[in-house]
Structure formats: C-alpha cells, structure tokens
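To start, the structure under review is shown below, and the notes come after it.
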Amino acid sequence: MGILSRTSYIIRSKLNSVLNRAEDPTETLDYSYEQMRDQLQDVKRGIADLTTQKKRLEMQKRRLEENVDKHNDQARTAVQQGREDLARRALEKKKTKMNQIEDLERQISNLQSQQDKLIDQKNELQSRIEEFRTKKETMKARHEAAKASSTVSEAITATGEEFEDVGRAIERAEEQTEDMEARAAAMDELHESGAFDDVLSDKDDIDRELEQLETDSGVEAELETLKSEMGEGSSETDAEPAGDVEGEVDEEELAEMESEVDDSEVEAELAELQDEENA
C-alpha cells in the first residue's frame with residue numbers, strides 16, 4: 001500500500017469514526033423511512049403516468065375503430081353505387097386503420113403489463129415500508145430506553161464517586177470537630193483548675209497558700225458569727241476570740257515567718273548562683 005493509499009485510508013477511517021460518534025440512530029431511522037416513502041411516491045407517480053399513457057392509446061384506438069367502421073360503410077356505399085375504385089380506397093384506409101389498431105393494442109397490452117408490475121412493486125414496497133415503520137418505532141423505543149438507562153448508570157457512577165468524596169470530606173470534618181471539641185474540653189478543664197490564673201498571676205505558691213488560709217479563716221469566722229447569732233457555740237466564742245480562729249494568719253505571724261528565714265543562708269545561696277554564672 002502506497003503512501004497516498006494509506007493516507008486516504010486513514011482519512012476515511014477517521015472520518016467514519018467521527019460520523020459514527022455524531023450519528024443519531026433515531027434520526028437515521030427517520031431519514032430512511034422518509035426516503036422509502038419518497039420512493040413509494042415516485043412509484044405511484046410512475047403508475048399514474050403509465051396509466052395516463054395507456055388511456056391515451058385506448059382513446060386513440062377507439063377513434064381508429066370508429067374510422068374503421070366509417071371506411072367500411074364507405075366501401076359498402078361505393079359498391080352499391082358501382083364505384084369500385086372508391087370502395088377499394090375505402091377498404092385500403094380501413095386496412096391501414098386496422099393495422100394501427102393492432103399496433104396500439106400491442107402497446108396498450110405492454111403498458112398494462114408494466115402497470116401491473118409497478119402496482120405489484122408498489123404494494124410490496126408499501127408493505128416493506130409499513131414493516132420498516134414498525135421496526136423503526138420499536139428500535140427507537142429500545143434506543144431511547146437504552147439511552148435513558150445509560151444516562152442513569154452514568155449518573156449513579158458519578159454520584160457514587162461524589163458520595164465517596166463527600167464521605168471523605170465528612171470524615172475530615174468529624175476529625176477536625178473532635179479535635180476542636182477535645183481542645184475546648186481541655187481549655188475548660190484548665191480554666192476550672194485555675195491553671196490559667198496561675199499562668200497570668202505573678203504570685204508564688206506561698207502567696208496563694210496564704211490567700212487560701214485567709215479565705216478559710218474568714219469563712220470560719222463568719223460561721224462562728226452566725227452560730228453566735230443563733231445562740232449556738234457561745235462557749236467556744238467566749239473561750240476563743242474570733243480573731244484567734246484556728247487557721248487564721250495575721251500580719252504579725254507573717255512577719256515572724258519572714259524573720260525565721262536566715263539571711264546568711266540566702267546570701268550564701270545567692271553567692272553560689274553568681275559563681276556559677278561567672279564560671
């Protein structure tokens with residue numbers, strides 16, 4: 001196969017592929033049906049034209065037959081009048097007309113045969129067209145059903161892929177939501193435990209313990225006051241003043257605690273830290 005032949009073959013194959021993709025079977029079936037109907041109309045027109053020609057020949061035959069009768073009467077009249085020559089001429093014309101009638105009869109017979117043949121072809125073609133129309137409608141229905149089924153299948157496949165993506169997105173959203181919920185719970189727990197207050201405050205453990213002691217002593221003092229007002233625990237109130245409630249720490253006690261710290265020990269520890277820093 002030469003280059004040109006191969007090129008032509010490739011072009012035809014590509015074109016055929018494009019046409020196959022662009023072809024709509026339902027449109028093709030409808031077009032074929034219309035073409036067959038056009039052929040049927042052509043056959044009917046052909047039969048009509050043929051019948052017209054046959055009728056013309058039959059009319060011409062009838063006129064010739066009338067002339068034959070006329071010439072026959074003329075010959076009889078001429079014989080009666082003793083004009084044999086006129087009778088001969090009339091008979092000659094009669095013979096000519098009869099020959100023409102025979103020729104017309106053959107033509108009419110041929111046209112009749114053709115007409116009968118065309119009518120049979122027309123009937124056969126019409127039967128085939130009706131059969132094709134039934135198959136066409138059936139095929140179109142099957143094609144539309146297959147097309148709809150294919151569309152639904154493609155939609156389901158695409159929906160499945162989308163659902164898979166949506167499922168992954170939901171999983172990621174759930175993971176992020178769980179992380180945020182865990183973080184929020186942790187923040188609430190830290191807030192309730194006072195960890196945030198410890199971070200933001202500049203107080204040390206001793207200050208916080210002293211504040212707790214003061215709070216506890218205040219609560220106890222208020223409790224004793226309530227008891228005394230209600231007439232309960234009066235003896236305990238006389239034996240021990242409210243200011244001396246157990247657990248209460250006043251400023252004098254804090255001063256004593258601070259005095260108990262040996263300044264020399266603090267200075268010695270500070271010197272050690274400085275030596276480590278200089279080293």
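Note: hydrogens, waters and symmetry copies are ignored here, and every other heavy atom, side chains too, is used.
Salt-bridge annotation for R133 and E130: present, with a side-chain N of the basic residue lying under 4.0 Å from a carboxylate O of the acidic one. Residues K55 and E58 are paired through a salt bridge, judged by an N-O separation under 4.0 Å between the basic side chain and the carboxylate. A salt bridge between E131 and K135 is present, with a side-chain N of the basic residue lying under 4.0 Å from a carboxylate O of the acidic one. A salt bridge links E84 to R88: one of the charged nitrogens lies within less than 4.0 Å of a carboxylate oxygen.
Residues L57 and Q53 form no side-chain contact, since every pair of their non-hydrogen atoms from C-beta on lies 4.5 Å or further apart. Side-chain contact check for H71 versus L91: every heavy-atom pair is 4.5 Å or farther apart. Proximity of N72 to R76: side-chain heavy atoms (C-beta onward) are separated by under 4.5 Å at one or more points.
For residues 94-113, the pairs satisfying salt bridge (charged side-chain N to carboxylate O under 4.0 Å, His left out) are K61-E105, D103-R106, with sequence neighbours left out. Residue pairs that meet the salt bridge (charged side-chain N to carboxylate O under 4.0 Å, His left out) test with at least one member in residues 31-46, sequence neighbours left out, are D42-R45. Within the structure, side-chain hydrogen bond (donor to acceptor under 3.5 Å, both in side chains) contacts touching residues 111-121 (residues at least two apart or in different chains) are T51-Q115, K54-Q112, K54-Q115, Q112-D116.
Nearest heavy-atom pair, A87 versus A78, reported as atom, atom and distance to 0.1 Å: N-CB, 3.3 Å. Nearest heavy-atom pair across Q74 and A90 is CB-CB, 3.9 Å. Residue Y33 comes nearest to I129 through the heavy atom pair CE1-CG2, 3.6 Å, listed as atom of the first residue, atom of the second, then distance.
Other residues, nucleotides and ligands contribute only 12 or fewer heavy atoms inside 6.0 Å of the CE atom of M98.
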